[in-house]
Structure formats: C-alpha cells, structure tokens
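Only this structure's heavy atoms are used, side chains among them; waters, hydrogens and symmetry mates stay out.
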Amino acid sequence: MIRVSGLTYRVGGAEILRGLDLTIPEGGITALIGPNGAGKSTLLHCLSGLLRPSGGSVALGDMDPVTAEPEARARRVALLQQSPTVVSRLSVAELVSFGRWPHHRGRVTDQDRRVVREALAAFALGDLADRRIETLSGGQRQRAFVAMTWAQETPWMFLDEPLNALDPRHARDLMARMHALSRGTGRSIVIVLHDINAAAGWADRVVAMKDGCVMAEGATEAVLTGPRLGAIFDTPFEILQHAGRPVVVAR
C-alpha cells in the first residue's frame, strides 16, 4: 500500500502539490486523471522517489522512496517517464533487457533471459525482438518501453502518460494488456492518463486531481460522475454506460 501524508512540492514560489493525503491500495490499475497542470506527473515522480517532496511523506509499504538506497528502490518501483529517449542501434530485446539491471547488475542469468522472453511475449514483441528501436512504429516502440518496465519485476509500476501519441487501436491494446497482466501477478500499476475513457474502461481506481489537490479518489464508477468531472475539468460531462462500464462524453 502507498500512503501519502501532507505531501507538498514547490518549484520556486509555485506550489505544485498542496498538502496531499492519499492511500493507494495494492493490486490492479490506479489511474491519475485531471487537467493539464493538475500535478499528476509530479505526484507520480514523488511516489517513485525521483523527486524529493518539499514537505510531507510518501511510504511504499515500509519504504521511503526518497531516502531508500537506489538498488532497493529499483527492486520495489519501476518508473516509465513521458516520452522516453529512443536509443538508436538497440534492438527491442536489448532495450527490454535493461529492465533486468537491478537484478543482475551486469551478471545476466538464465532467470533474467526468461523474464525478458516473457515480457516480449506479454506485449506481443516476440517477432520484433531483433528489430532496432528506431525502426518501430510509435505504438510498437511504446510497447517496448512498457515491456522494459514490466521486466524490472517490481511490485509497483508507475507509468507517466504511456498512451501519448498512440492511435485508438494501440492505446486500447496497451491498456488491455496491462489490465490483463495486473490480474493475479501481484503487480500494482499507477498510470497517468489524459484519456478519461481509458481510465473508465480499464482502471480499478481513479485519483482525480486539480490545481495540485486530490479532488476525489476511489472506485472508478464512484469517481467518474458528471458533476464531479465537470468541476474538475471546468466543462460539462455526461456519463453513459456500455458493457457495464462508464463512458464519458464531454458536452
């Protein structure tokens, strides 16, 4: 479980996060949603230990991600940031294998090779394993980076807007794969999303943010209501139903 208490983050005179109190239970997918500038990515980076909060605390179980040793943190948390750098001349398999570094520290074992093969298969990259990253489409490349994060085999995966620049087909495919993989694996995924319907369709829980504050948190259906989303995004919404899940329509 992640516990956030009184979390603040300031840059110069700007307060990006404003005294957040938040609990994220283990398991499934938790989506962070909100308008631009809400503080979603900053919160994710504080949870991962990449940013040091200005005040308050973050606890991943019994670990403070900021003060933890890098090796210990890398075994607990895997973070995929926005628009990861594309390293040319690397094959897909080589990129995914980077996720194993916290485990083998340069001494690759059969276990590491097995996990890489499983990650390639889980994200439908087996046929692309020997392709260079720069030759892939945007959707294939994003799957490769998510597979690398998955191969790190951490209890927590933090993904910062992994659907950016993906067409609807690839966005749906990626969300469906992560949803399926989060079931029964002991992995917990926290993901920043701009697409509210991606959260509606695949997230177990939603944390809705605005102006550096948590406006609502809980089960997806409970958070995604028309009045609540209208207040958060300053635009009217209608919530429809399809196949037992909410569909969000801006009006």
Side-chain angles (χ1 to χ4, degrees), residues 2 4 7 9 14-47 80-83 137-139 142-143 146 157-183 187-251:
I2 298 176
V4 176
L7 183 67
Y9 186 78
E15 194 170 40
I16 310 301
L17 300 177
R18 305 168 182 268
L20 271 61
D21 294 313
L22 178 65
T23 299
I24 302 177
E26 295 176 355
I29 296 177
T30 298
L32 307 182
I33 68 168
N36 293 336
K40 304 181 296 296
S41 295
T42 301
L43 172 59
L44 196 74
H45 292 166
C46 287
L47 296 181
L80 180 62
Q81 300 188 63
Q82 289 184 43
S83 305
S137 69
Q142 195 70 338
R143 287 209 314 274
V146 176
M157 284 180 64
F158 296 151
L159 307 174
D160 194 359
E161 299 189 29
L163 306 188
N164 272 5
L166 298 189
D167 62 33
R169 173 197 167 195
H170 286 108
R172 183 199 177 282
D173 178 75
L174 187 56
M175 288 301 298
R177 290 178 186 279
M178 290 190 293
H179 182 270
L181 289 167
S182 71
R183 269 50 194 163
R187 306 285 186 97
S188 305
I189 299 174
V190 182
I191 180 170
V192 175
L193 293 173
H194 272 299
D195 185 344
I196 304 174
N197 278 307
W202 301 106
D204 300 284
R205 294 169 297 278
V206 170
V207 176
M209 299 181 65
K210 183 178 183 180
D211 297 331
C213 300
V214 172
M215 306 299 290
E217 60 172 301
T220 300
E221 294 81 359
V223 173
L224 299 185
T225 67
R228 182 168 284 148
L229 291 175
I232 292 168
F233 289 93
D234 297 317
T235 193
F237 287 90
E238 182 177 354
I239 311 300
L240 309 177
Q241 291 291 322
H242 176 71
R245 300 289 285 186
V247 177
V248 181
V249 180
R251 294 297 188 190

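The shortest side-chain heavy-atom distance between Ile33 and Ile232 does not fall under the 4.5 Å cut-off. No side-chain heavy atom of Ile239 sits under 4.5 Å from any side-chain heavy atom of Glu221. Two residues are said to be in side-chain contact when any heavy atoms from C-beta on lie closer than 4.5 Å; Leu181 and Arg187 fail this criterion. Taking 4.5 Å as the limit, some side-chain heavy atom of Trp202 sits within range of a side-chain heavy atom of Arg172. Using a 4.5 Å cut-off on side-chain heavy atoms (C-beta onward), Pro246 and Gln241 make contact. Considering only heavy atoms from C-beta on, Cys46 comes within 4.5 Å of Leu17 through its side chain. At least one side-chain heavy atom of Leu193 sits less than 4.5 Å from a side-chain heavy atom of Met175.
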* Can you list the steps and then say if His179 with Ile189 is a side chain to side chain contact (heavy atoms under 4.5 Å, CB included)? -> CA-CA 9 Å; His179 182 270; Ile189 299 174; over 6 Å; no
* **Pair Leu20-Met209, side chain to side chain contact (heavy atoms under 4.5 Å, CB included): steps then yes or no** => CA-CA 10 Å; Leu20 271 61; Met209 299 181 65; 3.9 Å; yes
* Give the C-alpha distance, both sets of side-chain angles, the deciding distance and a yes or no for side chain to side chain contact (heavy atoms under 4.5 Å, CB included) between Leu229 and Leu224. => CA-CA 6 Å; Leu229 291 175; Leu224 299 185; 3.9 Å; yes
* Full working for side chain to side chain contact (heavy atoms under 4.5 Å, CB included) between Thr30 and Ile2 -> CA-CA 11 Å; Thr30 298; Ile2 298 176; over 6 Å; no
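Put simply, the side chain of Lys40 gets close to the backbone of Gly34: a donor and an acceptor are under 3.5 Å apart. In this structure, Arg18 contributes its side chain and Asp211 its backbone to a donor-acceptor pair below 3.5 Å.
Side-chain atoms of His170 and Asp173 include no donor-acceptor pair closer than 3.5 Å.
Atom CG of Asp195 is separated from atom CG of Asn164 by 10.5 Å, given to the nearest 0.5 angstrom. Annotation: the span from Phe158 atom CZ to Gln81 atom CD amounts to 12.5 Å, rounded to 0.5 Å. In this structure, Leu22 CG and Cys213 SG are separated by 12.0 Å, a value rounded to the nearest 0.5 Å.
Contact record, Ala199 with Val206: CB-CG2, 4.4 Å, taken as the closest heavy-atom pair. For Asn197 against Val248, the heavy-atom pair with the smallest separation is OD1-N, 2.7 Å. Considering all non-hydrogen atoms of both residues, Thr235 and Arg251 come closest at OG1-O, 3.9 Å. Considering every non-hydrogen atom in both Glu26 and Arg205, the closest pair reads O-NH2, 4.3 Å. Considering all non-hydrogen atoms of both residues, Arg228 and Ala216 come closest at CD-CB, 3.3 Å. Taking all atoms of both residues into account, the shortest heavy-atom contact from Ile29 to Ile191 is CG2-CG2, 3.7 Å.
Each of Leu43, Leu32, Leu159, Asp160 was checked for a side chain to side chain contact (heavy atoms under 4.5 Å, CB included) with Val190, and the lone residue meeting it is Leu32.
At most 12 heavy atoms of other shown residues, nucleotides or ligands fall within 6.0 angstrom of atom CZ in Arg169.
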